[in-house]
Amino acid sequence: MPPVYEPKEVEAKWYRFWEEGKFFRGEVDPSRRPFCIVMPPPNVTGELHMGHALDNTLQDVLIRWRRMQGYATLWVPGTDHAGIATQARVEAELAKEGLTRHDLGREKFLERVWQWKEKYGNTITMQLRRLGASCDWDRERFTMDEGCSRAVKEVFIRLYEEGLIYRGDYIVNWCPRCQTVISDIEVEHKETPGKLYYIRYPLAEGGFITIATTRPETMLGDTAVAVNPEDPRYRELIGKKAILPLVGRELPIIADEYVDMEFGTGALKVTPAHDPHDFEIGQRHHLPAVQVIGFDARMTEEAGERYRGLDRWEARRRVVEDLRAQGLLEKEEDIVHAVGHCYRCGEVVEPMISKQWFVRMKPLAEPAVAAVEEGRIRFIPERFTKIYLNWVKNIKDWCISRQLWWGHRIPVWHCADCGRSTAARNGLDRCPHCGSSRVEQDPDVLDTWFSSALWPFSTLGWPEVTPELKFFYPTSVLVTGRDIIFFWVARMIFMGLKFMGDVPFREVFIHGLVLDALGRKMSKSLGNGVDPLEVIESHGADSLRFMLVTGSTPGNDLRFHFERLDGARNFINKLWNASRFVLMNLDEEEALPQLDEVRLELVDRWIISRLQDVVERVTAYLEEYELGEAARLLYEFMWDEFCDWYIEMAKLRLYGADPEARRTAQVVLKSVLGTCLKLLHPFIPFVTEEIWHRLEPGSAPLIVQSWPAVEEKRKDAAAEAAVGMLQEVVRAVRHLRAEMRVPPGKRATVILVTREVDKMRLLEEHRKIVESLVAGELVLKEILLEKPVNAAHAVAAGIEIYLPLEGLIDVEKERARLHKELKELEEELSRVRRKLDNPSFLAKAPAEVVAKERAKEEELEKNRLSLEKLLSFLEGV
RNA sequence: GGGCGCGUAGCUCAGCGGGAGAGCGCUUGACUCACAUUCAAGAGGUCGCAGGUUCGAUCCCUGCCGCGCCCA
């Protein structure tokens, strides 16, 4: 066993072992309780980034833990077809050949995309394997595979037939670069500096009204001017006409409560074709919509001769120039306002009226609200409940059509003769209304999120009623980032309720984002992303996983620091070496007895008792989704208590002459280590599996070992208190040695004085252990007759400690040191006493707390007396 | 404008009603027979500010300041 753990080969070996051995397989088994997670499907085009690494590590921890607990676990992996992203990727490839998708035509283009998917689509799933994800690859799904496609069609048609899907002219967000509509939540509003232009619109009867706008180019499409009905400044103008500059159109001046009297001049130009609010005003007042910006973001015919064909930004400049020339530009102000950008490509979106498909959300949202309000779905952390509810309660209809080729094509056929539309599961070659054969399928595809919304049941076989669906639905928990609560979580909830009649998952475990060391979002454009695969190469997957888990608190973001990664690697190396130590000290030929068959010593009972506490708390933390706390607790136990104390204390017996004592130490070391491996396995599966097989050759792999249970009878408060006392003494002596610069190699004599018999006996019985830990020889006395002249002094656990030194000690310094300690002690003592002197504390605080304070007082008082005695010795010198 | 989160040791962050914690960094010492990816010892904090509730507040409530995110 090498002294430094080398993850590379170990990880590859065990992953192959697990996968080929079908240990990830999720089976329907009614004799066991189900535990199921569906993986948020990463984009097929994608490569693993830190967000995926975190998300999947958390899921894997939960799955591995539940698997060890004996649940029938299923973790369904898969990928998302990612409409825009994938299509863009393939189009870029075509562009290199000088082709566009239109050159190929729809069918050929789709063939290309499928080819591309076959070639590159498994990159990310290979990377998930590197991470150690124990998902059931035999059940891997793709949002455009046959089953998912069937589910999508079925859902669409049922919603359509119920009238919950409609097609209509509506204002939507158009991305001129992606050449498709995008939904409201795909628009990112960014604070952007701009200008607020004040423009005079002449009134038909003379004079003018000044409006303020950030988008003067859209004025060419104005069809009204609106003011607030409450606004006294404009009350008389309502119903009058204004003349649209540059165009000459007459605009009615209308009253609408939407208008903010405080903003600008309180008068608003209304462009129903290019602003969502104006669109609504237009609907309320039956205003015409004039489209002046086209789908290519250039001005249309309607914009007039002078502007037609100009790009929208150029048009803005021209319009402003022309207004200024005509003296109609009153002023411009600098302003910061929110501008909508396409979340995919960053282009400024253009609100545009077009014919699109929508899902009527109200009837679907109501049950989705109820499910969460009634607690049938629980968010962790709880605060995300509010964020979710707030969104679902204010939900607007969902625009689901996309002007793309790659995706689920809308299963509706339009008849060129009678003009009617028909939804059909299996295609259509004749119009069922008029019999015409001039039917054509709607060219649009569905929003990618439409298919992901069905993921929890489409992956389990729906619309078939499969045994998997019956057994594993509702799934147990959804683990995902807080950035896609709206995109995905909410939609799965209403789709699940609608089509399965039950929630898709019982709990939603939300985590934050992985940020760079400076707290910025990792992004391609910033180039500040850290590649998980590189990290796995350099530090191992276990280190990455451990770092991500220990660094995260539910719902909070986490910064990626390489120092923390080193820390995780060091911990794994520590575990490796502790195991190496244990293995080196086992006798291979000899079978060890069981824990019950050996006579345990105090320190054995102590570490085993401490372990019970760890088992209990780690399990409780996992139940509460406090994965970070669980991992941190294991880190501390392993490193501090097991390595730094127990192993050191066990060495004496291992290297000693008593074979029975040696065997006992071996049994305890092996047993505690084994339990630790089990507890650590969900977090760092590779290294633990590797060690396990060295520790327990021939036994079942760790991945299917059962999760440790707390053994109440192994809890031993007395042992914990006793060892706690020994530790206190050891620490005090070490402190003295360091303070007095006694070289570490030098064996020193240490005099311990106490009149308490049980402490004396304890020290007597563990003399060897203490001696080895302090590298000295103990002299135990009930009372000290002669004052040690040249000695350093300390007090711990009510025991006086003398460390005789060879040369003369600096009495002044020693006295000062003890005085300082005494002062600190007295301060604490008086704080405790103040509490105990307070009658209302005694009356109102729980008895337990009072007892604790009393015990503390007693202890402090003992130490104070001893310290004073030591000081009086020094005064006498 | 509304909502949410964060402000704790030099840095990064846990803890969140009864003794201020960790890792890194720093100081001192040690290649001690599992590990220098180590060991031992130590320094370092008015737990953002101001009120309130409580026997007791870093933790609960209110207000304020600063930073970040989401929604409009």
Side-chain angles (χ1 to χ4, degrees), chain A residues 1-5 184-185 187-189 260 262-263 276-277 338 381 383-387 389-391 394 482-483 485-486 512-513 515 517-521 539-540 543 547 550-553 555-585 626 628-629 631-633 635-636 639-640 643-644 647-648 651 654-655 669 730-745 772-775 828 831-832 834-846 848-850 852-853 855-856 859-860:
Chain A
M1 225 174 149
V4 172
Y5 173 60
D184 291 340
I185 50 177
V187 177
E188 278 180 1
H189 293 274
D260 181 356
E262 311 291 317
F263 185 81
H277 297 294
R383 66 185 142 93
F384 290 103
T385 311
K386 220 167 128 185
I387 294 173
L389 285 175
N390 187 45
W391 187 72
N394 296 302
R482 54 143 224 265
D483 49 334
I485 294 178
F486 305 146
L513 275 37
L515 309 175
L518 300 174
R520 301 170 304 182
K521 240 167 118 163
H539 287 70
S543 296
M547 179 269 186
T550 51
S552 70
T553 320
N556 287 359
D557 293 345
L558 117 107
R559 289 193 197 193
F560 193 97
H561 286 276
F562 282 93
E563 294 85 348
R564 303 214 30 242
L565 193 64
D566 290 340
R569 185 214 35 212
N570 294 355
F571 171 66
I572 285 158
N573 198 241
K574 187 73 181 174
L575 172 66
W576 178 255
N577 274 289
S579 309
R580 203 159 80 95
F581 172 81
V582 172
L583 287 162
M584 285 165 74
N585 285 288
E626 292 281 0
E629 283 297 300
R632 281 187 284 270
L633 181 62
Y635 176 101
E636 282 167 24
W639 201 312
D640 300 343
C643 292
D644 290 345
I647 285 185
E648 291 309 318
K651 277 179 180 172
L654 290 175
Y655 303 150
L669 281 167
V730 167
R731 271 191 280 258
V733 175
R734 284 172 174 175
H735 178 48
L736 269 190
R737 288 187 61 129
E739 197 94 338
M740 294 301 139
R741 315 260 159 201
V742 180
S772 77
L773 293 175
V774 304
E828 188 160 4
R831 226 182 48 208
V832 171
R834 245 197 326 274
K835 249 186 198 179
L836 289 168
D837 287 344
N838 182 348
S840 44
F841 172 73
L842 296 176
K844 292 183 182 172
E848 213 179 279
V849 174
V850 177
K852 217 167 130 190
E853 292 296 316
K856 196 194 289 173
E859 181 80 13
L860 288 169

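Quick note on labels: first sequence line is chain A, next is B, and so on, each numbered from 1.
By the side chain to side chain contact (heavy atoms under 4.5 Å, CB included) test, A/K386 is found to be paired with no residue, residues two or more places apart in sequence or in another chain being considered. A/R564 is linked by a salt bridge (charged side-chain N to carboxylate O under 4.0 Å, His left out) to nothing, counting only residues two or more places apart in sequence or in another chain. With sequence neighbours left out, A/E648 forms a salt bridge (charged side-chain N to carboxylate O under 4.0 Å, His left out) with A/K651. Under the salt bridge (charged side-chain N to carboxylate O under 4.0 Å, His left out) criterion, A/E629 pairs with A/R632, not counting sequence neighbours. Partners of A/V832 by side chain to side chain contact (heavy atoms under 4.5 Å, CB included), not counting sequence neighbours, listed by chain and number: A/L836, A/E853, A/K856, A/E857, A/L860. Applying the side chain to side chain contact (heavy atoms under 4.5 Å, CB included) rule to A/N570 yields the partners A/W639; only residues at least two apart in sequence or on another chain are considered.
A straight line from CE of A/M740 to C1' of B/G42 spans 13 Å, rounded to a whole angstrom.
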Going 5' to 3' along nucleotides 15-20 of chain B, which nucleotides have protein heavy atoms under 4.0 Å from the base (write B), which only from the sugar-phosphate (write S), and which from neither (write -)? S--BS-

Base contacts versus sugar-phosphate-only contacts with protein, heavy atoms under 4.0 Å: please encode nucleotides 32-41 of chain B as B, S and - from 5' to 3'. --BB-BSSSS

Could you pull out the protein-nucleic contacts involving nucleotides 44-46 of chain B (nitrogen or oxygen on both sides, under 3.5 Å)?
none

For nucleotides 65-72 of chain B, list the nitrogen or oxygen atoms of the protein found under 3.5 Å from its nitrogen or oxygen atoms, one pair per line.
from	atom 1	to	atom 2	distance (Å)
B/C69	O2'	A/R482	NH2	3.4

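Contacts of A/R741 with the nucleic acid, taken as non-hydrogen atoms under 4.0 Å apart, involve only primed sugar atoms and P, OP1 or OP2. Nucleic acid contact class of A/N394 (heavy atoms, under 4.0 Å, all strands): none.
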Name every donor-acceptor pair, under 3.5 Å, that has one atom in a side chain of residues 574-583 of chain A and the other anywhere in the protein, sequence neighbours excluded.
from	atom 1	to	atom 2	distance (Å)
A/W576	NE1	A/P2	O	2.7
A/N577	OD1	A/R580	NE	3.0
A/N577	ND2	A/P3	O	3.0
A/N577	ND2	A/N573	O	3.0
A/N577	ND2	A/N573	OD1	3.4
A/S579	OG	A/L575	O	2.7
A/R580	NH1	A/M1	O	3.2

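Counting all heavy atoms, side chain and backbone alike, A/I572 lies closest to A/S543 at CD1-N, 3.4 Å.
A salt bridge between A/D566 and A/R569 is present, with a side-chain N of the basic residue lying under 4.0 Å from a carboxylate O of the acidic one.
Nucleotides B/A9 and B/U46 place their C1' atoms 14 Å apart, quoted to the nearest Å.
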Under a 3.5 Å cutoff on both atom distances, Watson-Crick or G-U, what's the dot-bracket for RNA chain B ([ ] crossing, | other strand)? ((((((((.[[[[.)..(..]]]].(((((.......))))).....[[[[[..)....]]]]]))))))).

